[in-house]
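Small disclaimer: the values here were computed from a predicted structure and weren't measured.
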Amino acid sequence: MAAGTTSGKAPAPGVSAGDPDPDAPWAPENDELPLHHKLVHPEALTSARTAPSAQQLTMPAPTGKYSVGMVGLHLRDTSRTDPYVPGSKRELMVSLWYPATSTSGHYQAPWMPSISGAHFLASRGLSPQEVTLPKTAGHVLAPVNTKIGKLPVLLYSTGLHSDRAMGTALAQDLASRGYLVVTVDHTHDANEVQFPGNRLELNRMPAGSHSSDTLKVRAADIKFVINALGKISSGGNPDVGHATLPSGLSQSVDTSRIGMFGWSLGGAAVDTAMQLDHRIAAGANLDGQFFGTAPSKDLDRPFMLFSSQNHNRNNDSSWRTLWSHLKGYKVDIKLHGAAHLSFSDNEWLVPQWARWLGLSESQIQQQYGTIDPDRAVQVQRVYLAAFFDQHLRHKHSTLLDGPNSSYPEISFVR
């Protein structure tokens with residue numbers, strides 16, 4: 001379980017967009033600090049087996065009209081040295097989620113691969129003998145539904161030291177609504193990334209790394225991933241091992257309609273990535289504090305700020321700075337009852353495994369807010385889809401015009 005400061009204190013006056021404020025519950029330092037964190041030797045994980053009596057975790061099903069396909073890709077940027085491992089080229093793992101046709105005969109992708117998943121559980125004081133991570137709605141290598149035409153692209157960047165899996169509930173739902181969603185693991189920033197051949201890469205970020213530098217790395221990762229999607233759309237295969245791609249994928253990637261969303265530090269990365277790469281046409285930040293100079297630069301493309309109950313531009317100077325530099329469409333909404341961690345898959349995961357860690361309901365609510373987990377996920381899905389539908393599909397949504405009686409948990413920060 002991720003632990004963090006829950007004091008609710010606003011940032012100190014004068015805190016700039018370049019200065020972390022760990023006292024703020026939405027600071028990136030609070031994204032992934034497990035209460036029971038312990039080091040686990042990767043070799044010990046290959047023998048991890050799920051016990052028949054283990055609790056099977058489940059995740060919210062997608063709500064769109066399409067079945068979901070999924071494929072993982074191993075990408076290597078030969079033009080860039082890994083900033084965290086000198087002498088090595090930058091390597092990433094990404095997952096592509098997309099609307100599929102027939103899913104028969106295509107197994108459901110796990111929420112995380114076995115070895116990285118075992119490491120993820122162990123770092124939280126859990127084992128595969130206690131809990132079994134869920135299957136997703138994504139059917140591996142299912143054919144892409146080409147009847148709906150080219151798919152707008154959405155990229156996802158997760159919290160500091162978090163895994164791309166933390167955006168799965170949102171990603172697979174957007175895929176079921178007709179998007180190609182790419183979740184990105186930022187290697188050696190993420191706590192664990194499993195590569196082909198059962199290679200596990202762990203967090204190797206140097207202590208004291210500045211958040212603005214981390215965001216630049218992430219933005220470069222995103223630009224590289226967009227380039228890889230361009231290769232796919234032209235009939236190429238950017239996977240290092242030339243792994244099989246889903247049928248119909250190359251003809252379905254629409255690189256003329258690209259959006260990006262992220263949680264926490266990944267939300268801050270959206271602005272940095274949009275400044276670096278003008279192909280990103282719209283962005284959404286899920287409760288992430290900004291850092292560095294990016295928020296002080298004008299941005300003329302649509303942007304959504306989506307915050308937890310105690311976070312908005314009235315108590316986050318980095319959000320105020322960005323807001324004043326947004327020159328295109330902009331909207332600032334708040335999810336009442338939500339905490340910072342509510343915008344990750346932790347929202348529905350942690351209440352299910354809480355009994356194994358002896359967590360009380362009050363402890364869970366302190367970290368994850370008072371909103372019902374399923375409702376939190378539902379509202380996030382609906383508003384993210386409304387934003388990207390409006391700006392990538394030109395389908396206006398009245399949800400973004402102001403308060404809606406169907407979603408009383410959402411308020412607009414004016």
Do any N or O atoms from the side chain of [X] and from the backbone of [Y] form a donor-acceptor pair under 3.5 angstrom?
| X | Y | value |
| --- | --- | --- |
| Asn404 | Leu399 | no |
| Ser307 | His311 | yes |
| Gln275 | Thr272 | no |
| Ser247 | Pro143 | no |

Is it true that [Y] and [X] share a donor-acceptor pair across their side chains at a distance under 3.5 Å?
| X | Y | result |
| --- | --- | --- |
| Asn314 | Asn312 | yes |
| Ser362 | Ser360 | yes |
| Arg381 | Thr63 | no |
| Asp332 | Trp319 | no |
| His340 | Asp31 | yes |

Report task. Salt-bridge test for Lys89 and Glu91: reply yes if a basic N is under 4.0 Å from a carboxylate O, no otherwise. Result -> no
Requested in this report: Decide whether a cation-pi geometry holds between Arg301 and Phe303; the criteria are a distance under 6.0 Å from NZ or CZ to the six-membered ring centre and an angle within 45° of the ring axis.
Outcome: no
Query raised in the report: By side-chain hydrogen bond (donor to acceptor under 3.5 Å, both in side chains), which residues pair with Gln172, not counting sequence neighbours?
Result: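 With neighbours one apart ignored, the set is empty.
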Requested in this report: State which residues pass ring-ring contact (aromatic ring centres under 6.0 Å, His included) with Tyr156; sequence neighbours excluded, sorted by chain then number.
Outcome: Phe261
Query raised in the report: Under the criterion side-chain hydrogen bond (donor to acceptor under 3.5 Å, both in side chains), which of His336, Arg375, Gln309 is the partner of Glu409?
Result: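 Per the side-chain hydrogen bond (donor to acceptor under 3.5 Å, both in side chains) rule, the option paired with Glu409 is Arg375, out of His336, Arg375, Gln309.
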